[in-house]
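Comments concern the structure below.
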Amino acid sequence: MHYRLEASDLQQLLDALKADGYALLGPQRQDNAILYDTLESAADLPQGWTDQQEAGQYKLKRREDAAYFGYVVGPRSWKRVFLPPRKRLWSATQQDGAWSIEEEPLPTQKVALIGVRACEIHAIAIQDRVLREGPYPDPYYTTMRAQSLIIAVNCTQAAPTCFCTSMDTGPNATFGFDLSLTELLEPDHGFVVEVGSPKGQALVETLGLPAANDPDQARAQAGVDQARKQIKRTLQRDDVKALLYRNLEHARWDEVASRCLSCANCTMVCPTCFCTEMEDITDLTGDHAERWQRWDSCFHGQFTHVHGGPVRQSTRSRYRQWLTHKLASWEDQFGTTGCVGCGRCIAWCPAGIDLTAEVKAFRESEHSQEKNKR
Ligand code: SF4
Ligand code: SF4
């Protein structure tokens with residue numbers, strides 16, 4: 001069953017969520033990008049703005065219409081809601097020679113995520129497998145996931161960096177949401193709403209939404225089809241794991257390493273990367289200590305530090321680790337690929353390194369070797 005929400009009633013949806021105790025998080029224009037942050041009202045949404053993306057490029061541009069969700073994805077993924085970039089785990093205080101340890105309390109605030117894209121729902125599902133359903137669940141992550149509600153927005157446009165169609169993750173959400181919206185523009189601005197959970201059904205009933213008519217549903221489908229057609233980047237998935245494993249010593253790794261700055265941007269913006277490190281700090285008196293968890297990256301020199309120094313000393317070995325983990329060994333570990341095709345690592349790489357082009361380079365190299373043998 002699909003429903004119709006008028007654009008002028010979007011605020012009512014946000015108000016209903018607030019009345020139900022949810023803090024709202026959603027897209028907004030900040031620092032010349034569209035970022036997810038605390039949302040007070042529909043007026044905070046990036047209405048009338050879009051993003052232009054290419055390898056190593058991202059910029060905002062005015063749209064000619066009043067679309068609320070007329071952009072693709074920005075550098076800040078939803079993972080920071082469930083796995084914050086930096087969080088204190090515990091603190092310890094010494095008094096009269098005795099130490100007391102206080103664990104950081106788990107969050108209690110319910111959160112509604114507004115504007116989650118299909119590829120991002122797949123990324124959350126990938127992190128769920130590791131941080132919620134794996135052998136070592138993360139208490140903060142599992143608590144926040146249990147307290148979250150997801151309002152998805154189906155993509156009606158794509159960026160040149162997107163390749164979700166290759167990864168079967170978009171452009172429309174098929175699971176993992178409470179409500180999904182497809183924005184309809186002129187002549188009557190509104191949304192086609194799909195219900196994905198009992199919580200979503202309760203919201204639709206609270207708002208008293210009417211059923212969407214057939215023409216509106218056809219317009220919504222046409223919008224998603226348009227996004228699908230706009231996606232030109234591809235990644236051939238069927239044999240990518242074997243392809244990378246066959247080429248672990250290929251000279252291409254040296255070539256890409258000559259461009260890679262080992263800056264870790266790709267892992268910071270990636271919605272599935274989940275590596276963290278621990279940092280222990282004390283104050284000058286020695287009476288207070290804290291343990292913090294913060295995002296780490298396989299591109300950092302000290303990431304593989306064991307006795308005597310880092311195992312992966314070269315950029316070549318770090319890029320190889322990142323790409324083969326994303327597209328090959330992730331499958332061995334977790335049963336799925338580690339990439340959802342959101343394109344963030346392509347847009348936000350200062351060197352414009354594109355993982356789809358790197359995979360193609362290995363494939364083409366094998367093809368030309370085959371030809372030369374004949
Ligand atoms: S590897 Fe790149 S394209 Fe794939 S999910 Fe991560 S940021 Fe997105
Ligand atoms: S691939 Fe690009 S974003 Fe990633 S570490 Fe290298 S230079 Fe930085």
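Indexing begins at 1, ligand by ligand and atom by atom, following the structure's order.
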Residues E366, R363; criterion salt bridge (Lys or Arg N to Asp or Glu O under 4.0 Å); working and verdict: CA-CA 5 Å; E366 284 197 346; R363 206 177 293 286; over 6 Å; no
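Residue contacts with ligand 1 include W322, since one or more of its heavy atoms lies under 4.0 Å from the ligand.
Every residue two or more places apart in sequence or in another chain that forms a ring pair (Phe, Tyr, Trp, His ring centres under 6.0 Å) with W330 is listed here: F274, H325, F334. By the side chain to side chain donor-acceptor pair (under 3.5 Å) test, T337 is found to be paired with no residue, residues two or more places apart in sequence or in another chain being considered.
Compare L261, V256, N265, T315 by their heavy atoms: the one nearest to atom 7 (S) of ligand 2 is in L261.
Checked for salt-bridge contact, E104 and K87 miss the test: no charged N lies under 4.0 Å from a carboxylate O. At a threshold of 4.0 Å, the pair R320-E249 counts as salt-bridged, since one of the basic side-chain nitrogens sits closer than that to a carboxylate oxygen.
Residues I121 and A173 come closest through the heavy atom pair CD1-CB, 3.8 Å.
Listed by first then second residue, pairs satisfying salt bridge (charged side-chain N to carboxylate O under 4.0 Å, His left out) with a partner in residues 198-213 number zero, not counting sequence neighbours.
A cation-pi contact links R117 to Y71, judged by a cut-off of 6.0 Å to the six-membered ring centre and 45° from its axis.
The atoms of ligand 1 that sit less than 4.0 Å from any heavy atom of F163 are 3 (S). Near C263, meaning under 4.0 Å from any of its heavy atoms, are these atoms of ligand 2: 3 (S), 5 (S), 7 (S), 8 (Fe).
Counting backbone and side-chain atoms alike, C349 contributes an N/O/S atom closer than 2.8 Å to atom 2 (Fe) of ligand 2.
Only protein atoms were considered; those of element N, O or S under 2.8 Å from atom 4 (Fe) of ligand 1 number 1.
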